[in-house]
Structures are given as structure tokens and as C-alpha cells.
Amino acid sequence: MSDKKQKIIPDEFIPEVSSKVVTIDNQDFLLQNDAMFTFYQRSAGELSPFFLGIKNDRKILGCKCSKCGLVRVPPMMTHCTDCDFAPTKLVEVGQTGTMLSTPPITYFATSMFADKAPFGRGRVILESADTALSVMLYTTTGILVPGLINKGTKVKVVFRDDRVGQISDIFCVPASELTPRQVEKKGLLQSEINWEASKQPAFPKPTDKDVAEFKKSVKEMQALAAKMSQSKRARRAIEGWKRNIAVKTKAGEFTMYIDNGDFKIEERKLESPDFVMACEDPATLLDGLMYKGSITDSVITKKLWISKNLEFNTIFKLDRLARFLVMEQKEKKAK
Ligand SMILES: [Zn+2]
């Protein structure tokens, strides 16, 4: 998970200095990009204690009605509308809770959340609270896929190490993935969780046929990788990207090297890869690289496992690599 600093206006939304000509009623007019700046500061108002509690004290606050005792999280009311506006007071609630429903998972996020995807988003009822808080959800076991967090799943609140006072300063993971001590700990930090200890899927023993298929698939992938490295267009898909990926399959292991346009596959084990991919059948990856079905889909449908959530970005790039090569080949044919 990345905690990179974000600008108020993301770079991609800032237009370049340029102009164009538009023709209206046979007359040309020059149209230039220009700018007008309006920035503002938004007060968290009555919710300030809630956000400051998260930012400074790693606490989750709710408000408790002095009459009916209902605890609402976040503390959105200073007075209870159910009790003839009886005053409420701030109380701390627990940092474990139960999912109110099965959360949908976002794999393709808007640019605002792209550095946080994939993530689940759902409502959790925290201990001693009566209303549900909307939170982001992750797993420590790689990519969040359907079935890991459902309605009724016990989850634990985790605080990001760098907090700015926003609801995205916190997220939840299944309590079953943590040690009892971590579950009990108040203000558990993201850095206190071992994100690398994700569980790789176990594969059955390979047959001789599997081993032969593996060798064949790796050879085909190597040939494809060589073509990609020579394709101007395909190179653009992995421009500026560098990753050493260990790929584990039922019948053997190989390494993928992405290095600023160069793409290489070698049949060897890697000691300290940037991340690990695991798929029982290497054809899953071969098909993806041949642009027959997407690698992204293989992750979502659990055919391909990856060890780090944020490396979903790399999977996108591999899909783009395959697509760009096919596009270039088609263009060449058309010429
Ligand atoms: Zn009340």
C-alpha cells in the first residue's frame, strides 16, 4: 500500500500550455488553454474531534445520546433527534467490528483512488457502536478477492502510518489474518502488520506431462517477451517500470524481468523478488501475454495469485504490454 503525497489537483488534470483553432461559420478562432485558480480550506467542523482522534491519538470516536444511549459513529450529532434533541457526548468505541454486509471490491478505481486499489468498501459496526462506519477493506494475503470478507466477518481497524485527518487514514482487515495480540492492540499501525507473509496457494504434485507443458510454455513466453522488447509500441507499456517478479507454477518456477521497456523471462529462481505471482498452470500467463483473455481477470477470478496488493498496477501493465504488441502487429499488417 502506498502513502505517496498527493496534490490537491492531480497532475493529470492540469492542462498543458497549448492552443487550437476552431472554425465557426467559416471563420477561424484561436482557443487557448488558460487557468483560473480557486483554492479553499474546508473545516471538519463538529467532526474535528473524530478526525483529530484518528490522526493524533489513533482513536475512533462516536457520540452517545445522554438519554437513549445510542452510540453513533462517526459522531455526526451533537443532539439526538430520537430523544427530543437531548445532548450527546463523545465516547471512544472499539477498533474491532463486524461487517454489516458483503463489501463490493473496486479493482478499477478513479485516479483519485488509483494508488489505493484494489480495495473493498463496506460498512462495519465497531464494538460498542450502534451505527455502521464506512471503511476501506484490505487483506494481508495479497489481493482482495471475493469471499475473503463477507457479511458478518470480524474485522480490525488499522491506522496508516502517515495520517492527515481523513477517513482514508484507516482501513480494516479480517481479524482472522492477525495475531490475537494485534487484534487486541489499540491503534494498530499498518507498519506493524507483516504484509509480506501472504499465503501462497499450494499446488498438487506435477506429472511428467505438466513439466513438459511448463517447459514449452516458458519457451513460448520467452519468444513473446523478445518480440515485446523489440516492439516500440509494447515497450511504451512498461516505460519507466522496473520489477523482478518470481512466478511459481505447479511444475516449476521462472522469473519475469521488467526494466524500462525491456521484458525478459528466464527459467530460474529469484532470491528476493519485488513480488511473487503464483498460478497452477503457466498457460494462464501465456494466454494473457498472447492477448487471449486478460491477466487482470485471472487475478480477480483467483486463477493467478499475487503477493502484494499494489502490484495490481504491474498486472495492468502486463495486459497493456500484450495489447500493444497485438496492436502494432495489426498495424504492420494493414500497411
Ligand atoms: Zn437518543
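When reading the values below, keep in mind they use all heavy atoms of this one structure, side chains included, and skip hydrogens, waters and symmetry mates. Atoms within each ligand, like the ligands themselves, are counted from 1 in listed order.
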Colleague: Flag yes if I193 and F171 sit in one hydrophobic cluster, no otherwise; membership is Ile, Leu, Val, Met, Phe, Trp, Tyr, and two members link when side-chain heavy atoms are under 4.5 Å apart.
Modeller: yes
Colleague: Scan for salt bridge (charged side-chain N to carboxylate O under 4.0 Å, His left out) pairs involving residues 295-307, sequence neighbours excluded, and state none if there are none.
Modeller: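 Not a single pair qualifies under salt bridge (charged side-chain N to carboxylate O under 4.0 Å, His left out).
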Colleague: Using a strict cut-off of less than 4.0 Å between a Lys/Arg side-chain nitrogen and an Asp/Glu carboxylate oxygen, indicate whether D262 and R235 qualify as a salt bridge.
Modeller: yes
Colleague: Tell me, with the steps shown, if K156 and Q95 meet side chain to side chain contact (heavy atoms under 4.5 Å, CB included).
Modeller: CA-CA 6 Å; K156 164 79 181 173; Q95 299 186 2; 4.1 Å; yes
Colleague: List in chain and number order the residues that pass side chain to side chain contact (heavy atoms under 4.5 Å, CB included) with E16, two or more places apart in sequence or in another chain; answer none if no residue qualifies.
Modeller: none
Colleague: Kindly write out the residues that satisfy ring-ring contact (aromatic ring centres under 6.0 Å, His included) with F316, not counting sequence neighbours, or none if the list is empty.
Modeller: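 With sequence neighbours excluded, F316 shows a ring-ring contact (aromatic ring centres under 6.0 Å, His included) to F108, F312, given in chain and number order.
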Colleague: What protein N, O or S atoms come within a distance below 2.8 Å of the Zn ion (ligand 1), ordered by chain and number?
Modeller: C65 SG, C68 SG, C80 SG, C83 SG
